[in-house]
Amino acid sequence: MNIADRIQNLRKLKGISQEELADKIGVSRQTVSKWESEQSIPDINRVVVLSDFFEVTSDYLLKGIEGNPHESEKRLELNANIFVLIATAFNFIGLLVAIGLWYETQEPLALVAGLILMTVGCVMFGIGMIYSTQQIETAKRKFWIINIWIITFMPLSVLYNVIFTGFNAPYPVHMYSMAFPIFLLIYLVICLTVTFVKVKMIDKR
């Protein structure tokens, strides 16, 4: 494995594109592409910047010499996608809890319980993005592609219900109302727009 392979592998472990790496270290995407295709090699200043960004030693980039193998193993364990799964689970359970409690009790406590669980999910995701070292950008996109459908449903439902029905339920209570198509249209536009933007970002990689 040479320096081109190491740069490419480290970039993929971060879950970022060539363009994103270029932005992070202040070079053009073409420069990163040339490094990874062995058309050129980074100068010593860029090697230092790359080693700082990837949290490896300059010796590892240049020669493949690990500075601290045990530390590298620990970093490899922190895959951001794990936090996406945890956060999505909390958000989905929070929505189900809010809907279930409201259906049984019709008390504001149902909304509070659901929001607490969803807040925990989002906080867990935020913590994961801070401490993870693998697939960070990919995980962010996956999180929003999935969770935009969960996170926006309850607040939009509450707004719809308060305005058109007088309730504050976490789901539309009168779906036969003439206003329901407006709710559905707004919900779909928001969710599909975010999903489309995130998918396009993946396609550009």
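Note that the coordinates shown come from a computational prediction; the quantities given were computed from them, not determined experimentally.
Side-chain contact, N147 with N91: a donor N or O sits under 3.5 Å from an acceptor N or O. A donor-acceptor contact under 3.5 angstrom links the side chains of N81 and N79, judged on distance only. Counted by atom type alone, S37 and Q39 present one or more donor-acceptor pairs between their side chains at under 3.5 Å. A donor atom on one side chain and an acceptor atom on the other are not found under 3.5 Å apart for T195 and W144.
In this structure the side chain of K140 reaches within 4.5 angstrom of the side chain of M129, judged on heavy atoms. In this structure, Y160 and I182 have side chains that are not in contact, with every pair of non-hydrogen atoms separated by 4.5 Å or more. Looking at heavy atoms from C-beta onward, V47 lies in side-chain contact with L62 at the 4.5 angstrom threshold. With a 4.5 Å cut-off on side-chain heavy atoms, L188 and W149 count as touching. When side chains are defined from C-beta on, M118 counts as touching M154, because their heavy atoms get closer than 4.5 Å. Between V162 and N168 there is a side-chain heavy-atom pair separated by less than 4.5 Å. Put simply, the side chain of P42 reaches to within 4.5 Å of the side chain of I7, judged on heavy atoms. Between L10 and L61 there is a side-chain heavy-atom pair separated by less than 4.5 Å.
Between F90 and G121, the shortest heavy-atom distance links the atoms CB-CA, 3.5 Å. The shortest non-hydrogen separation linking P172 to S157 is CD-OG, 3.4 Å. Across every non-hydrogen atom of E38 and A4, the tightest pair is CG-CB, 3.4 Å. Shown here for R46 and I25, the closest heavy-atom pair between the two residues is NH1-O, 3.0 Å. Residues I148 and T152 share a closest heavy-atom pair of O-OG1, 2.6 Å. In terms of heavy atoms, A169 sits closest to N161 at O-ND2, 2.9 Å.
Distance CG/L85 to CD1/I146: 7.5 Å, rounded to 0.5 Å. Distance OG1/T119 to CE/M124: 13.5 Å, rounded to 0.5 Å. Once rounded to the nearest 0.5 Å, the distance linking CZ of R6 with OG of S51 reads 12.5 Å. One finds the CZ atom of F164 at 11.0 Å from the CE atom of M178 (value rounded to the nearest 0.5 Å). Distance check: F83 CZ to I130 CD1 gives 10.0 Å after rounding to the nearest 0.5 Å. Summarising the geometry, atom CZ belonging to F153 is positioned 12.5 Å from atom CD1 belonging to I190; distances are rounded to the nearest 0.5 Å.
When each of I93, V97, I99 is checked for a side chain to side chain contact (heavy atoms under 4.5 Å, CB included) with L95, only I99 meets the rule.
Connection of V120 to I127 is not established within any shared hydrophobic cluster, with ILVMFWY side chains joined at heavy-atom distances below 4.5 Å, either directly or through further cluster members. No chain of hydrophobic side-chain contacts below 4.5 Å, direct or via other Ile, Leu, Val, Met, Phe, Trp or Tyr residues, connects V48 to Y60. Residues L117 and V123 do not share a hydrophobic cluster, clusters being chains of Ile/Leu/Val/Met/Phe/Trp/Tyr side chains in contact below 4.5 Å.
Within a 6.0 Å sphere centred on OH of Y187, other residues, nucleotides and ligands contribute more than 12 heavy atoms. Heavy atoms of other residues, nucleotides or ligands lying less than 6.0 angstrom from CD1 of I41 number 12 at most.
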What do the steps show when you test F53 against L21 for side chain to side chain contact (heavy atoms under 4.5 Å, CB included), and what is the final call?
CA-CA 9 Å; F53 177 73; L21 175 58; 3.6 Å; yes
Would I163 and L159 satisfy side chain to side chain contact (heavy atoms under 4.5 Å, CB included), going step by step from the backbone distance to the final call?
CA-CA 6 Å; I163 293 174; L159 183 63; 3.8 Å; yes
With side chain to side chain contact (heavy atoms under 4.5 Å, CB included) as the criterion, how do L109 and L101 come out once you've worked through the C-alpha distance, each side chain's angles and the decisive distance to 0.1 Å?
CA-CA 8 Å; L109 182 63; L101 285 178; 5.6 Å; no
Criterion side chain to side chain contact (heavy atoms under 4.5 Å, CB included) on I151 and C122, from CA distance to verdict:
CA-CA 9 Å; I151 294 172; C122 292; 4.0 Å; yes
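In this structure, F125 has its ring center closer than 6.0 angstrom to the ring center of F143.
A donor-acceptor pair under 3.5 Å links the side-chain atoms of T88 to the main chain of V84, judged by distance alone. Using modelled atom types, one side-chain atom of S132 and one backbone atom of G128 make a donor-acceptor pair closer than 3.5 Å.
One finds a salt bridge joining E20 and R141 here, because a Lys/Arg side-chain nitrogen approaches an Asp/Glu carboxylate oxygen to under 4.0 Å. R11 and E36 are joined by a salt bridge, as a carboxylate oxygen and a charged side-chain nitrogen come within less than 4.0 angstrom of each other.
Cation-pi geometry between K24 and F54 is not satisfied (NZ or CZ under 6.0 Å from the ring centre, within 45° of the ring normal).
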